[in-house]
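Okay, structure first, notes after.
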Amino acid sequence: MAPQDDNLDVVEEAMVAEVEKKPVSTIVIIIAMQTEALPLVSKFQLVEDHDSVFPKGVPWVRYHGTYKDLFINIIWPGKDAILGVDSVGTVSASLVTYASIQALKPDLIINAGTAGGFKAKGANIGDVVVVSDVAFHDRRIPIPVFDQYGIGTRRTLLTPKLVKDLDLKVGKLSTGDSLDMSPQDEGAINANDATVKDMEGAAVAYVADLLSVPAIFIKAVTDIVDGDKPTAEEFLQNLVAVTAALDQAVTKAVDFISGKCLSEL
Ligand code: SAH
């Protein structure tokens, strides 16, 4: 048995090496809010999919097209069918990530969006942060090992050359399903050593990992969580301007990725 297993390992390693040498071709960009997604849709001249790859009746929207040598898909979870607001948060993000991977078999996922930043960690409004690690801050399960499962820390795909080329900050991301921050969340976010806080990233990372698709996370700071302004107010005030910075960074990232394989990022 053992020699055969060793052979299989060798074959598998060779296959992984081969995949890593192939230039990235299909990209799925997961974006939670319409305001964040639409400028990129026009920048890449994407069109909305009318023959949906998703199940009938779901609000999820796919915009797609070719840009340079890349097949780009922007996936937006759409508006809540009853309330009409963007379907933000981890549940929608996980579902669209899963469905997009199943339907489109991407070589790479980019989760782009706005986030709250911590000035104690050097974040300023308008900063664009490439995420090195993700974790959850609102999944408290105080039982040995389940506690770590709840936090769900994972590393993202390392992209040192992309970070250097775009001259972006690198930091850790903490994800939870609330825009505000309870004292309990605050403790967990500090323990996660987070520079930025959002409502989707760690969920996208979980699904991408589950299905072995590399993922990167580009987050732009709309509000300072440890500052003196109320989060919701600051978020809305900065959303449009910061989205422009986010979209510029995502465009540059896509330009950088074009023609390269994963190991060159
Ligand atoms: N009131 C907003 C609600 C959007 S929720 C609206 O007009 O629709 C906030 C979105 O931005 C989420 O997708 C989340 O990932 C991100 N975000 C920005 N700042 C955040 C913060 N301080 N905490 C958590 N998520 C934040």
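Values in this document were obtained by computation on a predicted structure and should not be read as measured data. Order of appearance sets the numbers: ligands from 1, and atoms from 1 within every ligand. No hydrogens, no waters, no symmetry mates; every other heavy atom, side chains included, goes into these values.
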Taking 4.0 angstrom as the limit and counting only heavy atoms of [X], give me the atoms of ligand 1 inside it, by number and element.
| X | value |
| --- | --- |
| A115 | 17 (N), 18 (C), 19 (N), 20 (C) |
| T231 | 22 (N) |
| L179 | 9 (C), 19 (N), 20 (C), 21 (C), 22 (N), 23 (N), 24 (C), 25 (N), 26 (C) |
| A32 | 13 (O) |
| E200 | 12 (C), 13 (O), 14 (C), 15 (O) |
| L236 | 7 (O) |

Item to check | V85 near ligand 1 by a heavy-atom separation under 4.0 Å | outcome: no

Can you pull out the closest protein heavy atom to [atom]? Residue, atom name and distance to 0.1 Å, please.
| atom | result |
| --- | --- |
| atom 3 (C) of ligand 1 | F235 CE2, 4.1 Å |
| atom 19 (N) of ligand 1 | D223 OD1, 2.9 Å |
| atom 24 (C) of ligand 1 | K197 NZ, 3.4 Å |
| atom 25 (N) of ligand 1 | M199 CG, 3.3 Å |
| atom 8 (O) of ligand 1 | M33 CE, 3.5 Å |

Checklist outcome for this item: d(K169 NZ, D167 CG) to nearest 0.5 Å is 10.5 Å

Checklist entry - Can you tell me how far the OG1 atom of T153 sits from the CD atom of Q148, to the nearest 0.5 Å? => result 8.5 Å

Is the shortest side-chain N to carboxylate O distance from [X] to [Y] below 4.0 Å?
| X | Y | value |
| --- | --- | --- |
| R140 | D185 | yes |
| K43 | D247 | no |
| K121 | D193 | yes |

Checklist entry - Between H137 and S174, what is the shortest heavy-atom contact and its length? => result ND1-OG, 2.8 Å

Checklist entry - Is there a donor in the side chain of T222 and an acceptor in the side chain of E234, or the other way round, less than 3.5 Å apart? => result no

Say whether [X], considering both its backbone and side-chain N or O atoms, lies within less than 3.5 Å of an N or O atom on ligand 1.
| X | value |
| --- | --- |
| E36 | no |
| D198 | no |
| V225 | no |
| G116 | yes |

Checklist entry - Quick one: are I109 and I101 in side-chain contact, heavy atoms under 4.5 Å? => result yes

Checklist entry - Is there a side chain to side chain contact (heavy atoms under 4.5 Å, CB included) between K172 and S132 once you walk through the steps? => result CA-CA 5 Å; K172 295 180 183 176; S132 59; 3.7 Å; yes

Item to check | Residues forming a side-chain hydrogen bond (donor to acceptor under 3.5 Å, both in side chains) with Y149, sequence neighbours excluded | outcome: none

Can you tell me which portion of [X] lies within the under-4.0 Å heavy-atom range of ligand 1? Options are side chain, backbone, both, or neither.
| X | result |
| --- | --- |
| L239 | neither |
| T114 | both |
| T222 | side chain |

Checklist entry - Think K219 forms a cation-pi with F217, using NZ or CZ under 6.0 Å from the six-ring centre and within 45 degrees of its axis? => result no

